[in-house]
Amino acid sequence: MVCQTMSKLAALPSVEKLASTLAPEAALPRPLVNLFVRREIERFRQRLLDGEDHEREEIEEATRRGLREFAKSRLQPVINATGILIHTNLGRSPLGPKAAGALEAIATGYSNLEFDLPSGTRGKRAGYLETALACLLETEAATAVNNCAAALVLTLRTLVSEGKNEVIVSRSELVEIGGGFRIPEILETSGARLVEVGATNKSHLRDYEKAITPQTALILKVHRSNFYLEGFIGEPEIPEIAALARHHGIPLIEDLGSGAMMNTDELAPIEHEPTPQECLRRGIDLVIFSGDKLLGGPQSGIIGGRADLVAAIKREPFYRAVRCDKLILTTLQESIDQYLETKADPGQSDVPVLGFLREKTEVLRKRAEALIDGLSTEKVGVSIEDTLARPGGGTMPRSEFPSVSVKLVPKTQSVPKLARRLRLGSPAIVGYTTDDALFLDLRTVFPESDPVVREALSVVLS
Ligand SMILES: *Cc1c(COP(=O)(O)O)cnc(C)c1O
């Protein structure tokens with residue numbers, strides 16, 4: 001028995017030798033290749049000891065395949081052919097060329113991050129950005145932190161205290177945003193006590209009024225950014241809630257999510273996404289939104305509104321834990337400046353997602369035709385289809401708008417296999433599948449990427 005196991009273990013390749021063979025192809029740092037191979041061989045040793053049978057070639061091949069997949073987990077560019085403009089799994093909004101250029105200049109040198117050039121003394125971090133943000137939001141003050149979730153926690157921590165810890169939220173807004181972000185849990189971790197008002201489908205002003213006590217810290221509105229209510233529904237208008245809050249001296253905060261700076265309904269046949277400016281005009285005291293959704297900037301959370309509240313937030317010790325670094329600050333500053341420069345027509349900014357939103361379907365169709373022209377259809381049926389694209393990323397859950405896709409119907413392999421081959425290419429191409437086809441939606445593909453997509457298609461179709 002022991003002898004048999006020992007002879008089986010002889011099938012295990014040597015770590016050093018196998019790592020040497022696999023390293024050139026893997027193109028990863030050698031210590032990582034060694035670590036990966038050591039773990040794989042250890043795993044097989046355990047399985048052999050457990051009585052399984054594995055040949056050496058099989059072990060080597062499994063390790064090679066595993067290493068290739070591990071290399072694919074390294075952060076890398078991906079061609080988004082899903083037709084979902086703001087895809088959280090694919091990195092949300094790409095930066096425009098100006099913002100990316102600014103990033104390089106700041107990243108590779110020194111900067112005046114916290115240095116006042118006129119006086120030569122210590123300066124204020126993000127002072128310029130905060131002024132620009134407030135100007136864009138047409139409000140008193142603003143600041144930015146790492147993301148919208150952090151901005152919400154920070155705001156709650158600032159405004160909730162032991163004696164005043166109740167936060168009023170409508171039952172129709174106790175949402176889960178994704179990635180484990182749920183409003184009731186966020187409130188709990190911020191030391192707040194949730195006071196629910198209304199019903200799932202309806203709330204009235206008197207519900208809010210009845211919920212107010214001397215312990216009320218704030219009223220929170222949460223934008224329904226990833227679902228919608230339909231049917232017998234209703235809720236008080238923001239100005240009504242704002243008047244009530246003001247009467248009682250309670251701040252009214254809105255977690256808006258996407259932060260569209262322009263009228264989305266003017267760019268594409270989609271619904272109107274409320275802008276932070278509109279929220280503030282209607283009487284919201286502080287609005288909170290993401291920088292990397294429809295704004296098209298880096299991952300960040302922006303807080304704008306009443307100067308006294310923003311100042312209190314910046315004094316809260318937790319602010320230090322969620323402040324932005326210079327790379328975020330410089331790309332966000334560039335994005336905000338661009339909106340200010342193109343204020344009359346925000347559609348003119350070089351934010352890629354806004355360009356995708358505006359693009360005419362005729363243009364997409366022409367690109368699709370050029371893309372598939374002359375491709376072999378022997379093994380995969382290739383056609384052009386009218387499809388629907390979506391804003392995605394917790395924005396306008398109801399909005400779908402016309403797009404154009406290349407439809408691939410494999411004849412000799414399964415749809416998931418074809419999709420996987422494109423995902424494992426360089427660069428990876430991610431489309432979406434139905435039962436019988438793989439779709440590559442061109443709305444979210446940069447036109448510069450068309451030749452690469454065509455090249456990848458010609459490989460998988462031949
Ligand atoms: C997306 C979203 C968030 C989370 O934003 P992050 O920037 O990912 O932290 C919070 N609230 C709402 C309403 C959202 O739509």
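Every number for a ligand or one of its atoms is a count from 1 in the order of the listing. Please read all numbers here as calculations on a predicted model, not as lab measurements.
Donor-acceptor pairing under 3.5 Å is recorded for the side chains of Ser172 and Arg224.
Partner of Glu114 under the salt bridge (charged side-chain N to carboxylate O under 4.0 Å, His left out) criterion, out of Lys124, Arg323, Lys326: Arg323 alone.
Salt bridge annotation for Arg443-Asp441: absent, with no cationic side-chain nitrogen under 4.0 angstrom from a carboxylate oxygen. Electrostatic pairing of Asp350 and Lys98 does not count as a salt bridge here, judged by no charged N lying under 4.0 Å from a carboxylate O. Note on Glu209 versus Arg206: no salt bridge recorded, every NZ/NE/NH1/NH2 to OD/OE distance being 4.0 Å or above.
The aromatic rings of Phe356 and Phe446 sit perpendicular, their planes meeting at an angle over 60°, well past the 30° parallel limit.
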With the criterion set at N/O pairs under 3.5 Å, what does the list of contacts between the protein and ligand 1 look like, atom names and distances included?
| residue | atom | partner | partner atom | Å |
| --- | --- | --- | --- | --- |
| ligand 1 | 5 (O) | Ser290 | OG | 3.0 |
| ligand 1 | 7 (O) | Arg92 | NH1 | 3.4 |
| ligand 1 | 7 (O) | Cys148 | N | 3.0 |
| ligand 1 | 7 (O) | Ser290 | OG | 2.6 |
| ligand 1 | 8 (O) | Arg92 | NH1 | 3.0 |
| ligand 1 | 8 (O) | Arg92 | NH2 | 2.9 |
| ligand 1 | 9 (O) | Cys148 | N | 3.2 |
| ligand 1 | 9 (O) | Ala149 | N | 2.8 |
| ligand 1 | 11 (N) | Asp255 | OD1 | 3.0 |
| ligand 1 | 11 (N) | Asp255 | OD2 | 2.8 |
| ligand 1 | 15 (O) | Ser225 | OG | 2.6 |
| ligand 1 | 15 (O) | Lys293 | NZ | 2.7 |

